[in-house]
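Below, all heavy atoms of this structure are taken into account, side chains as well, without hydrogens, waters or symmetry copies. Keep in mind the model is a prediction, meaning the values are calculated, not measured.
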Amino acid sequence: MMALQNSLVNTVYIDLENTTATADGTTLNYTVVTLGLSPAGSFTINVSVGEDKKISEYTIKSNGSTDQAYIDKMPANVKDGSLFKGKTAEELLTLLGGADSGFTSAEVDESLKGGATRSSILCTYAALFAASNYDVYLKLAELSGPAFVNTVYIDLDKTTYTVNGDNVVYTVETLGYRPAGAFTIEITVGADKKISAYEIKTNGSTDQSYIDSMPANVLLGGADSGFTDKEADEALTGGATRSSVLCTYAALFAVSNYDICKGDTEPSVNFVNTQYIDVENTTYTVSGDNIVYSIVTTAYRPAKAFTIEITVGADKKISAYEIKINGSTAQSYIDKMPANVKDGSLFKGKTADELIALLGGADSGFTDQTADEALKGGATRSSILCTYAALFAVSNYSLLGGAQE
């Protein structure tokens, strides 16, 4: 996901390491941690952004002003967030003096100035960061992994899995259950949702004597059920009951999350520019900084669906374009298509804005009446579908993230 994280904008005053965001449907709930802007210290602010990319909620959780006197000098509508609610990134940028301003006390809007201007700047910048990075964080939330169940004793940040045919192979990292420390356990679950392999890689028992006290069938992965040392089945009890509970819980986690992991091979994406795109049958793969699409268009009668392979690079421009299935109704219509549409050279190196211009502009409806002359002829609707596929590929590059870890 590193490419997505590198796509974040307006980060000058943001502590990215400690800033988080979670998705609730199409709403993003941020906890934004700012850097200090001396003499003002770091702020922690909860900010919500909706699908319209406007601030919907704003609460300062930790005020970095140097003392109560400076907090009192902050404008009331900054402290309660009402100044930011309903605003877009562009409007927030204007409050800060514009994109080229440097975001300093001398340049910001009068509504932020006063005895605690730098505190107000940090608060505004937190709102700007949240609004302007909606698409990136929404995608990060989608890629952050499935909503696992039975996670009480599981360290989700360190637990990984791979899908191998019908098998899910986990490397489960447990939390500690004092005095027992964390275990690392490799577990394989098959299509029958039963464990076929179980191996403790790191034993979290406090010392060898506790390891020796663990039931043999736990070490082999045969024990089942139980959540605390008081509730555990007799099969788990002994001098190292909490170690046995962790081992059993790892097994429970692996089995109960099989369907979630097996089905999590292709996260859903809120694509843009989909008017002529069959999203259900369109696929993509990420290869380094490139995204390689296999785009299936809808029909635009009389033209039928096209299938087109398109590669977009880190510059968000098309480097390769090949029509795999031409949806024109007959060879005579294929022959009427402009050569630079058929071979994709018309689209290579173009930005999304340039492709939209070819289609007649953002408000044109993308019809054969509004398309640029370069697309017109006896097969204009075929050319529109080909151009729209290029637009889809370029405009969704950032959303998909390019290179991923």
Side-chain angles (χ1 to χ4, degrees), residues 1 3-16 18-35 37 42-61 74-75 77-113 117-142 269-273 316 351-353 356 362-363 394-402:
M1 300 181 196
L4 273 174
Q5 293 167 334
N6 290 341
S7 299
L8 294 171
V9 296
N10 296 319
T11 61
V12 174
Y13 294 130
I14 305 300
D15 180 349
L16 291 176
N18 292 307
T19 291
T20 61
T22 59
D24 181 7
T26 58
T27 297
L28 275 180
N29 298 313
Y30 294 82
T31 297
V32 180
V33 180
T34 74
L35 301 172
L37 180 55
S42 172
F43 281 69
T44 300
I45 306 169
N46 288 348
V47 186
S48 294
V49 179
E51 192 173 15
D52 58 0
K53 301 180 186 177
K54 296 179 181 180
I55 306 294
S56 57
E57 298 293 336
Y58 187 104
T59 305
I60 296 173
K61 305 302 285 186
M74 291 176 64
N77 59 355
V78 170
K79 286 190 287 187
D80 67 14
S82 58
L83 178 61
F84 314 127
K85 290 179 183 178
K87 283 188 169 58
T88 64
E90 290 76 13
E91 292 170 314
L92 294 163
L93 199 57
T94 300
L95 281 177
L96 289 164
D100 300 322
S101 70
F103 311 131
T104 67
S105 301
E107 298 167 300
V108 299
D109 188 84
E110 289 299 317
S111 62
L112 303 183
K113 291 183 179 180
T117 305
R118 295 192 178 190
S119 291
S120 296
I121 288 172
L122 291 178
C123 292
T124 310
Y125 201 86
L128 170 64
F129 174 83
S132 57
N133 287 292
Y134 175 88
D135 286 336
V136 176
Y137 271 108
L138 188 64
K139 182 59 185 171
L140 284 170
E142 290 170 351
V269 178
N270 295 318
F271 289 118
V272 297
N273 293 320
K316 301 180 187 177
T351 64
D353 288 342
I356 286 174
D363 300 322
V394 170
S395 57
N396 284 289
Y397 178 89
S398 293
L399 191 60
L400 298 176

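- By the 4.5 Å heavy-atom criterion applied to side chains, T94 and D109 are not counted as neighbours.
- Considering L128, V78, L83 in turn, V78 is the only one that fulfils the side chain to side chain contact (heavy atoms under 4.5 Å, CB included) rule with C123.
- Sorted by first and then second residue, the salt bridge (Lys or Arg N to Asp or Glu O under 4.0 Å) pairs involving residues 47-60 (not counting sequence neighbours) are K53-D135.
- Under the ring-ring contact (aromatic ring centres under 6.0 Å, His included) criterion, the residue pairs touching residues 83-107 are Y58-F84, F103-Y125, with sequence neighbours excluded.
- Partners of T117 by side-chain hydrogen bond (donor to acceptor under 3.5 Å, both in side chains), not counting sequence neighbours: none found.
- Between V108 and K113 the shortest heavy-atom distance is O-CE, 3.2 Å.
- Nearest approach of A130 to I55, heavy atoms of both residues: CB-CD1, 4.4 Å.
- Remark: K61 pairs with no residue by the side-chain hydrogen bond (donor to acceptor under 3.5 Å, both in side chains) rule, at least two apart or across chains.
- With values rounded to the nearest 0.5 angstrom, S105 atom OG is found 6.5 Å from L37 atom CG.
- For the atom pair CD1 (I14) and CG (L122), the distance works out to 8.0 Å, reported to the nearest 0.5 Å.
- In this structure, the side chain to side chain contact (heavy atoms under 4.5 Å, CB included) partners of N18, at least two apart in sequence or on a different chain, are D15, V33.
- In terms of heavy-atom proximity, A362 sits nearest to I356 at N-CG2, 3.3 Å.
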Let's go through D353 and T351 carefully: what are the C-alpha distance in whole Å and the side-chain angles of both, what is the deciding distance for side chain to side chain donor-acceptor pair (under 3.5 Å) to 0.1 Å, and is it a yes or a no?
CA-CA 5 Å; D353 288 342; T351 64; 5.2 Å; no
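- Here the OH atom belonging to Y13 is positioned 6.0 Å from the CD1 atom belonging to I121, to the nearest 0.5 angstrom.
- Shown here are the salt bridge (Lys or Arg N to Asp or Glu O under 4.0 Å) partners of K85, two or more places apart in sequence or in another chain: there are none.
- In this structure S48 satisfies the side-chain hydrogen bond (donor to acceptor under 3.5 Å, both in side chains) test together with N29, sequence neighbours excluded.
- Checking side-chain atoms of Y137 against main-chain N and O of A21 turns up no donor-acceptor pair under 3.5 Å.
- T104 OG1 to R118 CZ: the interatomic distance, rounded to the nearest 0.5 Å, is 8.5 Å.
- Checked against side-chain hydrogen bond (donor to acceptor under 3.5 Å, both in side chains), T31 has the following partners two or more places apart in sequence or in another chain: N46.
- Of all heavy-atom pairs between L95 and L112, the closest is O-CD1, 3.6 Å.
- For V12 against L35, the heavy-atom pair with the smallest separation is O-CD1, 3.5 Å.
- No donor-acceptor pair closer than 3.5 Å links the side chain of T27 to the backbone N or O of V49.
- E91 is linked by a side chain to side chain contact (heavy atoms under 4.5 Å, CB included) to K87, T88, counting only residues two or more places apart in sequence or in another chain.
- Smallest separation of non-hydrogen atoms from P75 and S111: CG-O, 3.5 Å.
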